[in-house]
Amino acid sequence: MPSSERIAERFAACKAAGRPALVAYITAGDPSPGATEELALAMERGGADVLELGVPFSDPIADGPVIQRASDRALKAGARVARVLEIAAGIRKRSDIPIVLFSYLNPLLRYGFDKLCADARQAGVDGCLLTDLSVEEAGDTTETLRRHGLDTVFLAAPTSTERRLALVARHSTGFVYVVSRSGVTGEQDSVSGGVEELIASLRRHTALPLAVGFGISRREHVEAVGRYADGVVVGSAFMRLIERHGASPDLAARLEAFTRELSGQS
Amino acid sequence: MSKSTELPDERGHFGPYGGRYVPEILMAPLEELETAYTQAQRDPAFQAELKDLLANFAGRPTPLYEAKRLSANLGGARIFIKREDLLHTGAHKINNCLGQILLARRMGKRRIIAETGAGQHGVATATVCALFGLECVVYMGEEDMRRQRLNVFRMRLLGARVESVTSGSRTLKDAVSEAMRDWVSNISSTHYLLGSALGAHPYPMMVRDFHRCTGDEARGQILARTGRLPDTIFACVGGGSNAIGIFTAFIPDERVKLVGVEAGGRSLELGQHAARFAGGSPGVLQGAYSYLLQDDDGQVSLTHSVSAGLDYALIGPEHAWLHDQGRAEYVSASDADALQAAATLARTEGIIPALESSHAVAEALRRAPAANGEIFLINLSGRGDKDTDIYRENFPALDNPDAK
């Protein structure tokens, strides 16, 4: 399957099944680069529809403490960009789950962006989301990603003006990641109410699937957001579980069980 | 205020450098800030209020002092010193803080956040917040709080809350990340009063513009005193705000050599210094594309300098452009050179400089003997009171002058 269609087809399949796609984020290399492949597959068994594979970075300005600590552990464990691509390739050999590389720009620039895209595509990656790449700076980057058949996922935020939502929609393929609240990544008791309105505004600019992230950590959040969005993104809740049980032999089983709880699949 | 130079372009680029590399959440707030800044620049009332505060609160213009004993001792150059260290709060940082606090008020912000390395920007921010009765939170690396504890206390005395940052290297870079995280979480109430010519557009442009008074004044002063322009200008470069402040007025004067002095630290091995042009390569950190100290995986390197204010992995984007164009030259001075230069200036001219500024002094001292009749201009960006503890550690004999 051409990689850039995996994401579209998975969202379409979820829509046909009448449920939101569960987009599961995992920092590659936490607790160790060797562990991530099994953890990702466990999340898929629990009902994850799309995998966001996080490239660890030394200065993650958009992340709260949980993902900051996960990045630190992954870097200490040796999760360099090349190793993250090996992890992606390992997952791809055993699964058809869409994989989105989730990264800050600098490690990928340093790797060589064109080579990164070629190697990521070769590894079975389907798309890229670059946290600190604004659409204004994205020209060459987007072009390179598309030339290699990779989807370009951009963020829409509660602060985005109508003009910016149009820009984000125009630059995105695969899906749009809708940030639910102004803040950094991390769990919250409830999902910000304003996001439904943001989704409605964004729908006027694009027919792409819209996935909501930031602050989603429970089944009740998934159900609430799933009523108006095409997908939900869960990250910090998974990374907190990995942090707490990283050394435990049943980490994969715990992750699978938690994913099952979120996805509502039995 | 004089007109801005042509750069950056409308998207904040200095050649390939600068720009806006931030999460989407910050894009609209940065656009709003840029619009507010552009309007303020054209508003005579804003300019008049700023000018009044710079003169009557901060103490501008600052003197241009001819260091005759220093010049005579070294032989060669005729050395002038721009005394930004005499400004209220002890460093050039107050120029930018006054500009941005007026802007924050125009934008209706009630809460101000800032990062600080040496604490000079933190003190200046706490000062302007006290002046206008605004809430102030300053992020500072735990390591910097230890080595600049006098400034931590000054900020608290001025009513600011100082938040200790314990992530990463616990220095300036980590304080910037934490301030950015605070900003995205509190955008509607808060202005991020960034303290150097760093970060996403419009910060590098705006911070430069608020500091260009240093160079505008110095240019007039040196012409009046010597009848000509200086041959070489020296300024230390962390993010690069004081350097761009004095350079800007002289950039069109092609014969004037501009020398930025970075922190050479303990050695030029990665991790032991903060000399971006001596070991860095272009990359993205905290909103801007510029020269960055990074490893071969694109992770940002730890840096070291005896001076907390220069201890930062990225150089301001306009400096990257001036470097590539060959318009400015960038060198480094080691910890030891800076300490020695501070002692020399103290004993020859009765001026105890900040450790940051001592780096600029060190390079001027090095070049002076061979500079036959040339005019040197050093931007003395800050005074050394805050560094007393570090000077004591490094000159132990002065603490016990009677010990044998």
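Lettering follows sequence order; numbering is per chain, from 1.
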Report yes if the side chains of [X] and [Y] come closer than 4.5 Å at any heavy-atom pair, otherwise no.
X        : Y        : answer
B:Met27  : A:Val135 : no
A:Glu136 : B:His201 : no
A:Leu105 : B:Tyr289 : no

Check [X] against [Y] and note the closest heavy-atom contact, atom names and distance.
X        : Y        : value
A:Val184 : B:Val184 : CG1-CG2, 3.7 Å
B:Arg181 : A:Pro60  : NH2-O, 2.8 Å
A:Glu137 : B:Tyr21  : OE1-OH, 3.3 Å
B:Ser281 : A:Arg110 : OG-NH1, 2.6 Å
B:Ala28  : A:Thr159 : CB-O, 3.1 Å
A:Ile61  : B:Ser177 : CG2-OG, 3.6 Å

At a 4.5 Å cut-off on heavy atoms, which part of [X] comes close to chain B: side chain, backbone, both, or neither?
X        : value
A:Leu109 : side chain
A:Pro56  : backbone
A:Val81  : both
A:Ala156 : backbone
A:Asp63  : backbone
A:Phe214 : side chain
A:Tyr111 : neither
A:Arg181 : backbone

* **Greatest number of heavy atom pairs closer than 4.5 Å to chain B - which of A:Ser58, A:Ala138, A:Ala62, A:Ser160** => A:Ser58

* To do: Just give me the residue among A:Leu108, A:Leu75, A:Thr161 that pairs up with chain B most often, heavy atom to heavy atom, under 4.5 Å.
  => A:Leu75

Tell me which of these, [options], has more heavy-atom pairs under 4.5 Å with chain A than the rest.
options                                : value
B:Met180, B:Gln294, B:Arg11            : B:Gln294
B:Gly287, B:Ser185, B:Gly283, B:Ala200 : B:Ser185
B:Asp297, B:Ile187, B:Val284           : B:Asp297

Segment of [X] engaging chain A (4.5 angstrom heavy-atom cut-off):
X        : answer
B:Val22  : backbone
B:Glu32  : neither
B:Asp174 : side chain
B:Ser301 : neither
B:Pro29  : side chain

Hey, what do you get for [atom1] ([X]) to [atom2] ([Y]), rounding to the nearest 0.5 Å?
X        : Y        : atom1 : atom2 : answer
B:Gln299 : A:Tyr104 : CD    : OH    : 11.5 Å
A:Leu165 : B:Glu24  : CG    : CD    : 7.5 Å
B:Leu285 : A:Phe57  : CG    : CZ    : 6.0 Å

* To do: Verify the neighbour count for atom CD of A:Glu197: are there more than 12 heavy atoms of other residues, nucleotides or ligands below 6.0 Å?
  => no

* To do: Give a yes or no on whether A:Gln122 atom CD has more than 12 heavy-atom contacts from other residues, nucleotides or ligands under 6.0 Å away.
  => no

